[in-house]
Amino acid sequence: MKATISEQPARLLAGFSFFGDPFRSHGGWSAENEIGRLWQRWGEYWQAYGATLLPATEPGVMYEFHVYSPETLQTGEFEVFTGVEIAYTDGLPLEVVAKLLPAARYAIFTLSGEEIISDWEWQVDNVWLPELGAHRRMTFSFQRYDARFKGMDRIAESELDVYIPLLT
Amino acid sequence: MADVENIAHALEFIEAHLQEPIGVSEMAQAVAYSLYHFCRTFSRLTLHTPYDYLMRRRIAEAARALRQTDHKIIDVALTYQFNNPETFSRAFKRVLGALPQQWRKQERSAPRQLMPPLTLAHLRHWQRCAPWQPVVASRPAFDLIGAMVWLPDEASDNSAAWDWLQRALGTGASGPFYGLTCGASDGAADVAYLAAVCAEELPTTPHGLVNKPVPALTWVRVAHHGPACDFGLTLDYLYHTWLPQSSYRSAWPGYLESYGTALGRPDAEASVWEVAIPLLSAET
């Protein structure tokens with residue numbers, strides 16, 4: 001795991017979202033759970049329409065972010081969003097939602113191989129952030145997938161970046 | 001510790017805190033998992049979300065308290081962390097199909113209505129049977145011929161019925177063999193158990209055996225893997241995990257086991273047989 005802290009600009013994203021417990025129907029890493037299904041729906045849309053219709057700024061980069069609310073601690077329900085960064089929202093197709101990731105200071109952790117499917121969130125909270133002397137904002141976090149991520153079936157060769165917003 | 005043991009520990013934590021204001025984050029903390037990884041792992045191993053499981057267990061214990069004590073309904077609701085009667089009644093009706101006051105008036109209820117606590121034994125058994133592959137299918141009416149015994153409860157030894165069937169059939173019968181368990185709809189613990197073969201396998205009903213017509217029904221069936229002593233864990237999966245998440249309810253309190261050529265439940269670690277429960281659409 002590599003860690004850095006940096007100021008990040010706001011990012012405007014377009015994609016699909018889900019609210020609830022994404023593991024209600026299938027736990028684990030099943031493609032059948034709501035996160036898997038969200039990626040599936042988004043992937044199909046992106047291939048069919050999104051790549052041509054959306055003003056993507058980095059078409060090869062996908063984001064997954066999780067938004068937590070007070071009820072998340074009680075029920076385990078939260079919002080999951082998958083999408084791409086876009087330049088503007090004018091003419092956004094009806095089926096696509098936009099999200100603004102705020103500009104903030106983030107801890108950025110690069111996960112490799114099996115780390116990706118480990119309980120890295122626990123490591124973030126209990127080991128990695130304390131080592132950096134940083135404190136997180138508990139309201140959201142996001143993952144950035146680029147060409148280094150080869151897919152769940154080639155996890156050993158994959159890397160992804162996790163962004164944790166920090167209290168200033 | 002492996003995930004199975006950690007989640008079993010979380011199940012114990014839930015059980016010890018049903019009357020306290022815990023949420024999913026406290027469960028995750030109890031086993032040193034992040035909330036996200038906990039939800040993912042708990043659902044994978046128990047086939048319930050942690051919150052759904054907590055709610056079902058609270059309702060089950062609240063339902064028990066309503067029958068076994070004369071505490072006011074609102075007090076039972078508050079004890080099990082439902083902060084108003086509306087929420088309690090709605091959750092109660094959704095899980096048990098009756099309002100708390102209706103439930104209290106019924107002296108008994110169908111067996112297997114109240115979700116039992118899941119344990120390490122459940123998790124290990126479910127891993128052995130995984131992936132569960134329940135099949136829902138209609139089956140036309142058929143007749144069973146067999147030996148029926150009354151048992152004090154469904155876990156009791158049923159070998160007397162098999163001895164009786166074997167004596168009546170002689171050495172020629174090769175199966176397939178079935179076990180039909182019929183519970184009382186009023187919730188009494190005793191059950192009727194029929195050790196049987198299909199009527200079409202026999203030209204006539206041998207002396208001493210009974211004929212049991214089974215009506216045309218929709219059934220869900222799964223394979224049980226493992227020794228007979230773990231069979232109750234398979235039934236727990238069907239009644240408390242699969243059924244509540246399906247669009248069906250149990251048609252009557254009983255189930256049909258298919259043993260193939262074995263005379264009764266085989267009892268080896270590698271044993272496999274099928275069990276089916278009769279279904280009705282939940283809307284009927």
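Reminder, nothing fancy here: chain letters follow the sequence lines and each chain counts from 1.
- A32(B) touches chain A through backbone and side chain together, each having a heavy atom under 4.5 Å away.
- With sequence neighbours left out, T82(A) forms a side chain to side chain donor-acceptor pair (under 3.5 Å) with no residue at all.
- Within a 6.0 Å sphere centred on CZ of F19(A), other residues, nucleotides and ligands contribute more than 12 heavy atoms.
- For R41(A), the salt bridge (Lys or Arg N to Asp or Glu O under 4.0 Å) test picks out no residue, with sequence neighbours left out.
- Other residues, nucleotides and ligands contribute only 12 or fewer heavy atoms inside 6.0 Å of the OH atom of Y248(B).
- Residues T49(B) and D21(A) share a closest heavy-atom pair of CB-OD2, 3.3 Å.
- The greatest number of non-hydrogen atom pairs below 4.5 Å with chain B, out of F78(A), Y68(A), W122(A), is found for W122(A).
- For the pair D119(A) and H37(B), the tightest heavy-atom approach, listed with the atom from each and the gap, is OD1-CB, 3.1 Å.
- For I22(B), the part lying under 4.5 angstrom from a heavy atom of chain A is the backbone only.
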Exercise. Between F23(A) and R44(B), does a side-chain contact (heavy atoms from CB on, under 4.5 Å) hold up when you go through it step by step?
Worked result: CA-CA 8 Å; F23(A) 310 112; R44(B) 173 169 64 85; over 6 Å; no

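- Distance check: E71(A) CD to Y51(B) OH gives 9.5 Å after rounding to the nearest 0.5 Å.
- Atom OG of S43(B) is separated from atom CG of N33(A) by 8.5 Å, given to the nearest 0.5 angstrom.
- Under a cut-off of 6.0 angstrom, the local environment of CD in E95(A) is crowded, with over 12 non-hydrogen atoms contributed by other residues, nucleotides or ligands.
- Here the closest heavy-atom approach between residue L35(B) and residue G76(A) is recorded as CD2-CA, 4.4 Å.
- The distance from the CD1 atom of I35(A) to the OH atom of Y36(B) is 3.5 Å, given to the nearest 0.5 Å.
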